[in-house]
Amino acid sequence: VSIMQPEDLTARKLQGVSGIFIDGGNQSDYLSRFSPKVLQTAHESGILLFGTSAGAMILGEFYFSAEHGGITSEEAQADPNEQRICIGSDFLKIKALKNTLVDSHYSEREREGRLHVFLDRGRDKGLYKGIGIDESTALCIHRNQVDVIGEGGVHFITKSTQGSSRISCYQGDTSSYSRVSEYLGRN
């Protein structure tokens, strides 16, 4: 099932559904118009959740809300206290994405800098992991096992007071998958 409108996301319409695709757009629209309760219940009952762009960005325990507009890495790094940087954590609770914020269009829009700022801003709330997903790329997580599919990469960043680390994975790069599975398992 693909959801774009709030009326598409009701318990009645999800009967017999095996997966929910959340389309791109503006994550602030999803955050303000959808009840997370139905998505959370669907996830807990075994329905797969997946999305692209804004749809992927709302799947982490933490999210950049974009309620005051988007922000580039350059803008975020120039002013880490900029009002457009709103980090929330009250939407979904998916175990594999605990303490994690997902960002999309990662390499193409040079978002590594802003992801580091997001992690800094959310640290006091428990945010310390970020996942940057390139365009035309999917990250599949099943019981803390990962697979990367597509043309680009998926970049896993951990940031703490001791510093930061990064693991980048690409399709078929199984040597890094076990390190990422460990990363996802650290909650």
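Keep in mind it's a predicted model, so treat the numbers as computed, not measured. Residues take their numbers from the sequence shown, with the count starting at 1.
- Clustering ILVMFWY residues whenever any of their side-chain heavy atoms sit less than 4.5 angstrom apart, transitively, puts M57 in a cluster other than the one holding L139.
- To the nearest 0.5 Å, atom CG of residue D134 and atom CD of residue E108 are 4.5 Å apart.
- Annotation: the span from T52 atom OG1 to H105 atom NE2 amounts to 6.5 Å, rounded to 0.5 Å.
- Looking at heavy atoms from C-beta onward, F50 lies out of side-chain contact with I141 at the 4.5 angstrom threshold.
- Proximity of a side-chain donor or acceptor of Q171 to a complementary backbone N or O of G150 within less than 3.5 Å is detected.
- Linking Ile, Leu, Val, Met, Phe, Trp and Tyr residues whenever their side-chain heavy atoms come within less than 4.5 Å leaves L31 and I87 in two separate clusters.
- Two residues are said to be in side-chain contact when any heavy atoms from C-beta on lie closer than 4.5 Å; V154 and V146 fail this criterion.
- Between atom CD of residue E67 and atom OG of residue S32 there is a gap of 9.5 Å, rounded to the nearest 0.5 Å.
- Between the Y30 side chain and the D23 main chain, a donor and an acceptor come within less than 3.5 Å of each other.
- H43 has its side chain within reach of Q40: a pair of non-hydrogen atoms, C-beta onward, lies under 4.5 Å apart.
- In the hydrophobic cluster analysis, where Ile, Leu, Val, Met, Phe, Trp and Tyr join through side-chain heavy atoms closer than 4.5 angstrom, L59 is grouped apart from I149.
- A donor-acceptor pair is defined here as one N or O able to donate and one able to accept, closer than 3.5 Å; such a pair exists between the side chain of S73 and the backbone of E110.
- The main-chain N or O of D103 is never found under 3.5 Å from a side-chain atom of R111 such that the two would form a donor-acceptor pair.
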>> Walk me through whether S89 and L127 qualify under side-chain contact (heavy atoms from CB on, under 4.5 Å).
In response: CA-CA 9 Å; S89 63; L127 172 62; over 6 Å; no
>> Let's go through Y128 and R123 carefully: what are the C-alpha distance in whole Å and the side-chain angles of both, what is the deciding distance for side-chain contact (heavy atoms from CB on, under 4.5 Å) to 0.1 Å, and is it a yes or a no?
In response: CA-CA 6 Å; Y128 64 92; R123 183 180 301 135; 5.7 Å; no
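- Residues F64 and L101 come closest through the heavy atom pair N-CD1, 3.7 Å.
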> Would T72 and E74 count as a side chain to side chain donor-acceptor pair (under 3.5 Å) if you check the C-alpha gap in whole Å, the side-chain angles of each, and the deciding distance to 0.1 Å?
Replying inline: CA-CA 5 Å; T72 66; E74 185 177 332; 5.6 Å; no
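- Two residues are said to be in side-chain contact when any heavy atoms from C-beta on lie closer than 4.5 Å; I20 and I22 meet this criterion.
- Rounding to the nearest 0.5 Å gives a distance of 7.5 Å between CG of D79 and CD1 of I71.
- F91 and I133 fall within a single hydrophobic cluster, where Ile, Leu, Val, Met, Phe, Trp and Tyr side chains are chained together by heavy-atom contacts under 4.5 Å.
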> Run the side-chain contact (heavy atoms from CB on, under 4.5 Å) check on F34 and I58 step by step: do they pass?
Replying inline: CA-CA 11 Å; F34 291 126; I58 65 168; 5.6 Å; no
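- By the criterion of side-chain heavy atoms lying less than 4.5 angstrom apart, applied directly or through intervening Ile, Leu, Val, Met, Phe, Trp or Tyr residues, Y170 is not grouped with Y106; the two fall into different hydrophobic clusters.
- Side-chain contact between L92 and Y63 is absent, with no heavy atoms from C-beta onward closer than 4.5 Å.
- Looking only at distances, no side-chain donor or acceptor of N99 sits under 3.5 Å from a matching main-chain atom of K129.
- The two residues H155 and S107 come nearest to each other via the heavy atoms NE2-OG, 3.5 Å.
- For the pair E61 and K93, the minimum side-chain heavy-atom distance is below 4.5 Å.
- Shown here for S164 and H116, the closest heavy-atom pair between the two residues is OG-CE1, 3.8 Å.
- Between the side chain of E151 and the backbone N or O of E135, no donor-acceptor pair lies under 3.5 Å.
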> Can F118 and I157 be said to form a side-chain contact (heavy atoms from CB on, under 4.5 Å), step by step?
Replying inline: CA-CA 11 Å; F118 293 170; I157 295 174; over 6 Å; no
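- The OG1 atom of T100 sits 9.5 Å away from atom CZ of F156, with the distance rounded to the nearest 0.5 Å.
- Here D90 contributes atom CG and F62 contributes atom CZ; the two are 10.0 Å apart, rounded to the nearest 0.5 Å.
- The shortest non-hydrogen separation linking S53 to G24 is CB-CA, 3.9 Å.
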> Does the pair R166 and S168 meet the rule for a side chain to side chain donor-acceptor pair (under 3.5 Å), with working shown?
Replying inline: CA-CA 7 Å; R166 175 181 167 161; S168 293; 3.1 Å; yes
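- Here the closest non-hydrogen pair linking C169 and V180 is SG-CG2, 3.3 Å.
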